[in-house]
Novice: 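Provided herewith is a single structure, encoded as structure tokens, for subsequent inquiry.
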Amino acid sequence: MTEEIKNEEQLNFLEEIIEADLAAGKYQQIIARFPPEPNGYLHIGHASSICLNFGLTKKYPGYTNLRFDDTNPVTEDTEYVESIKADIRWLGFEWKNELYASDYFDTLYEYALKLIQKGLAYVDDSTSDEIASMKGTPTEAGKNSLYRNRSIEENLDLFTRMKNGEFSDGSRTLRAKIDMAHINMLMRDPILYRIKHAHHHRTGDKWCIYPMYDMAHGQSDSIETVSHSICTLEFVPHRELYNWLIEKLEIYPSHQYEFARRNINYTVTSKRKLLQLVTEKHVTGWDDPRMPTISGMRRRGYTAESIREFCDRIGIAKRENIVDVGLLEFCVREHLNKIALRRMVVFHPLKVVLSNYSGDGEWLESENNPEDPNGGKRKIPFGRELLIEQEDFMENPPKKYFRLAPGQMVRLKSAYIIKCEEVIKDNNGNIVELHCTYIPESKSGSDTSGINVKGTLHWVSAKDAIEAEVREYDRLFKVENPSSEDGDFKDYINPVSLNIVTAYAEPALTESSIAEKFQFIRKGYYCLDTDATSEKLIFNKTVGLKDGWKPAH
RNA sequence: UGACCCAUGGUGUAACGGUAGCACUACUGAUUUUGGUUCAGUCAGUUAAGGUUCGAAUCCUUAUGGGUCAACCA
């Protein structure tokens, strides 16, 4: 019975492996790690990996370490270290230990010596080109290096001198001695250490030789006794080398498991490409709201909850995929609908004069969020002259047009029902103003008019409205998968991914803070941008409302 | 012309030899002082061909399609 209930839960393949390992008593707890290289900002793909690793060790006994894979000093920087830590925390996760592969450089060096002593590694004087040309191809065996059979003593001496800085960059490498005819290219005497006289963000100038990924990653996992080392599919061929090194080094046997990285349409998630967008100024920075980076999504107004929900919904598997960005947007709307404060903002104003409204105006009340009974209310000024959206009026409306038209009535949200009496045009025939009458008995909350209207419009009081800059974003790329198209991915950048409009907002918005999320009624979800000042309101469009009405033309 | 990984509606993901399910999208309808939300419903899928079996998305074979591998990157 209990087994049946348990079986109803759908596990992904990693959870199945973990549950089997736990059930077999192979591990008492599972240890995972999130291993970013500090050479770029985290993006939505990393979010998926973070949710996976940290989520697994939340679900099962154990913990996740944060380990920076900082073995290439020329591309890495502490700016990235800090942004990565901030992004993980913002997403809602906390690591057990903050670790760096560079912390293990001494140990890794000892491991290299051990390999040399076992006759399993050698110093190669070949140039980069020579090594490449002797590597063979997937269908052709490679050739042994001229230096492959040096004595252990000579290798020890040369490697020590490499470490001591006696040789120039690129002049020598330490290579594993495996098999140049191996079917797996990675096993054809892979390079373990290379010379780089470069300043490292943590170890400074202590080292001039640095381990390659394969010589560092699995060993770091092992040092940390990581039980489940989860990475993406392109590392599948590395697993053989990962295991070979652990076996020869006789160290703790961590295991590598691979899953398919998540791709999202109309964007790119490759740090190299994202870096290019930043350095070539196609966007304003790593946190440009159009970027699929965690910092960009945060600035755009996406919530951590919605990103976690998205990662949860797309799941994990081993097959190639392109997730529809629409699902991400659904998750964002789903959360924002619950928490966003409703406000009224008119983007393309059309003046409305209420010919039968006298007096200086009045303050009306409106709920902050109809989804939240405890959300409270706010005051909105109402007056004789109002602004509505140009698109909410049509002189010759199609059928089923619920908005304003000559002789037609609509409700102004939280205010009165109005009727369009007259259309005022300029000399060119453009509509510049509407003269309407309002129904005094139709006041929101105390409506005794008995009139039912289909349409409700958002509006602002003309004299009380405040100007705000609104930045509206569209997808960064014109095609679903820019990386798979011919030519450069940058050829497919959407030239109109940013549209700036000056809008007219109700006064309550003056008090906005960056932490608040808004829904501009009938428009979408918005948030204050970091560029905003006390003099100038600037909002980012997070995502639009689902739009259920399309005029038939 | 090798090896490895993968193949379920438009998209993502389940079903572990026994009724192909869930979510997003799209489309209907109801409700609605947001053409939003909510609610109800509809359309739509096992790459192909063989084989094993009482029974195959699932196991086997072959084919087809996609991805990965020849950086002193990770």
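Reckoned from all heavy atoms, side chains included, excluding hydrogens, waters and symmetry mates. Since the model is a prediction, treat every value here as computed from it, not as a measurement.
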Novice: Under 4.0 Å between a side-chain N/O of A/R333 and OP1 or OP2 of B/U34, yes or no?
Specialist: no
Novice: What contact category does A/K400 fall into here, base, sugar-phosphate, or nothing, at under 4.0 angstrom with non-hydrogen atoms?
Specialist: base
Novice: CD1 of A/I183 versus P of B/A3: gap in Å, rounded?
Specialist: 7 Å
Novice: Name the nucleic acid region contacted by A/I314, choosing base, sugar-phosphate or nothing; use a 4.0 angstrom heavy-atom cut-off, strictly under.
Specialist: sugar-phosphate
Novice: Among A/R411, A/K443, A/E441, whose side-chain contact (heavy atoms from CB on, under 4.5 Å) with A/I417 holds?
Specialist: A/R411
Novice: NA contact type, A/P36, heavy-atom cut-off 4.0 Å: base, sugar-phosphate, or nothing?
Specialist: nothing
Novice: Counting heavy atoms from C-beta on, name the nucleotide in B/A14, B/U37, B/U1 closest to the side chain of A/N12.
Specialist: B/A14
Novice: Nearest to the side chain of A/V236 - B/C24, B/A3, B/C4?
Specialist: B/C4
Novice: Tell me, which pairs form a salt bridge (charged side-chain N to carboxylate O under 4.0 Å, His left out) where one or both residues lie in residues 260-272 of chain A, sequence neighbours left out?
Specialist: A/E234-A/R261
Novice: Using whole Å, what does the distance between atom C1' of nucleotide B/A71 and atom OH of A/Y210 come to?
Specialist: 19 Å
Novice: Tell me whether the side-chain N/O atoms of A/T137 come closer than 4.0 Å to OP1 or OP2 in B/G2.
Specialist: no
Novice: Between A/M215 (CE) and B/A74 (C1'), how many Å, whole number?
Specialist: 16 Å
Novice: What is the distance, rounded to the nearest whole Å, between atom OH of A/Y41 and atom C1' of B/A74?
Specialist: 19 Å
Novice: Distance check needed: B/U68 C1' versus A/F259 CZ, whole Å only.
Specialist: 16 Å
Novice: Would you say the ring centers of A/F518 and A/Y526 fall short of 6.0 Å from each other?
Specialist: no
Novice: Between A/R313 and A/E334, does any NZ, NE, NH1 or NH2 come within less than 4.0 Å of an OD or OE carboxylate oxygen?
Specialist: yes
Novice: Under 4.0 Å, counting only non-hydrogen atoms across every strand here, what does A/S168 touch: a base, just sugar-phosphate, or nothing?
Specialist: nothing
Novice: Just how far, in rounded Å, is P of B/A70 from CE of A/M180?
Specialist: 13 Å
Novice: How many whole angstroms separate atom NZ of A/K546 from atom P of B/U34?
Specialist: 16 Å
Novice: So A/R403, base contact, sugar-phosphate only, or nothing? Heavy-atom distance under 4.0 Å.
Specialist: base
Novice: Using a heavy-atom cut-off of under 4.0 Å over every strand shown, decide if A/F310 touches base, sugar-phosphate, or nothing.
Specialist: nothing
Novice: Measure from the side-chain heavy atoms of A/N337 and tell me the nearest of B/C5, B/G12, B/U37.
Specialist: B/U37
Novice: Which one, B/A71, B/A14, B/A74, comes nearest to the side chain of A/A317?
Specialist: B/A14
Novice: With sugar-phosphate meaning primed atoms plus P, OP1 and OP2, does A/G524 contact a base, only sugar-phosphate, or nothing at under 4.0 Å between heavy atoms?
Specialist: nothing
Novice: Where the side chain of A/R522 is defined as all heavy atoms beyond and including C-beta, which of B/A74, B/G36, B/G35 is the nearest nucleotide?
Specialist: B/G35
Novice: What do you reckon, are the aromatic ring centroids of A/Y100 and A/F68 less than 6.0 Å apart?
Specialist: yes
Novice: Pick out which of A/R308, A/K517, A/E309, A/H335 makes a side-chain hydrogen bond (donor to acceptor under 3.5 Å, both in side chains) with A/T303.
Specialist: A/H335
Novice: Over all strands shown, is A/E320 touching base, sugar-phosphate only, or nothing at heavy-atom distances under 4.0 angstrom?
Specialist: sugar-phosphate
Novice: Counting side-chain heavy atoms from CB outward, which of B/U34, B/A74, B/U25 is closest to A/F330?
Specialist: B/U25
Novice: Whole Å only: how far is the CG atom of A/L404 from the C1' atom of B/G35?
Specialist: 15 Å
Novice: Using a 4.0 Å heavy-atom cut-off across all strands, classify A/S366 as base, sugar-phosphate, or nothing.
Specialist: nothing
Novice: Check whether any side-chain N or O of A/R319 sits under 4.0 Å from OP1 or OP2 of B/U13, and answer yes or no.
Specialist: yes
Novice: Can you confirm whether A/F34 sits close enough to A/R67 that some side-chain heavy atom of one is under 4.5 Å from a side-chain heavy atom of the other?
Specialist: no
Novice: Give one of base, sugar-phosphate or nothing for A/H182, where a contact means two heavy atoms less than 4.0 Å apart.
Specialist: nothing
Novice: Given B/U34, B/A74, B/A70, which nucleotide is nearest the side-chain atoms of A/M212?
Specialist: B/A74
Novice: Looking at every strand, decide which applies to A/E258 at a 4.0 Å heavy-atom threshold: base, sugar-phosphate, or nothing.
Specialist: nothing
Novice: Under 3.5 Å for both donor-acceptor distances, Watson-Crick or wobble: does B/U31 have a partner, and if so which one?
Specialist: none
Novice: Please determine, for the side chain of A/P237, which listed nucleotide (B/U34, B/C73, B/U68) has the closest atom?
Specialist: B/U68
Novice: How about A/K143: does its NZ atom have over 12 heavy atoms from other parts shown lying under 6.0 Å from it?
Specialist: no
Novice: If you only use heavy atoms from C-beta on, which nucleotide in B/U34, B/G2, B/G12 is closest to the side chain of A/R342?
Specialist: B/U34
Novice: Whether A/S128 contacts B/C72 is assessed here as follows: a side-chain N or O lying under 4.0 Å from the phosphate OP1 or OP2. Is that the case?
Specialist: yes
Novice: Can you tell me the pairing partner of B/U11 across any strand shown, Watson-Crick or G-U wobble, with both distances under 3.5 angstrom?
Specialist: B/A23
Novice: Strictly by Watson-Crick or wobble contacts shorter than 3.5 Å, is anything paired with B/A3, and which nucleotide is it?
Specialist: B/U68
Novice: Assign A/D547 to base, sugar-phosphate, or nothing according to its heavy-atom contacts below 4.0 angstrom with the strands shown.
Specialist: sugar-phosphate
Novice: I want to check one thing: is the phosphate of B/C73, taken as OP1 and OP2, less than 4.0 Å away from some side-chain N or O of A/R194?
Specialist: yes
Novice: From the list B/C72, B/A70, B/G35, which nucleotide is the closest neighbour of the side chain of A/M185?
Specialist: B/A70
Novice: Are OP1 or OP2 of B/U13 and a side-chain N or O of A/R262 less than 4.0 angstrom apart?
Specialist: yes
Novice: Checking side-chain contact (heavy atoms from CB on, under 4.5 Å) against A/N184, which of A/P190, A/P138, A/P237 comes through?
Specialist: A/P237
Novice: Reckon A/K413 has a side-chain N or O less than 4.0 Å from the OP1 or OP2 of B/G35?
Specialist: no
Novice: Using a 4.0 Å heavy-atom cut-off, does A/L327 contact any base of the nucleic acid, only the sugar-phosphate backbone, or nothing at all?
Specialist: sugar-phosphate
Novice: For A/L186, which contact category applies under a 4.0 Å heavy-atom criterion: base, sugar-phosphate, or nothing?
Specialist: nothing
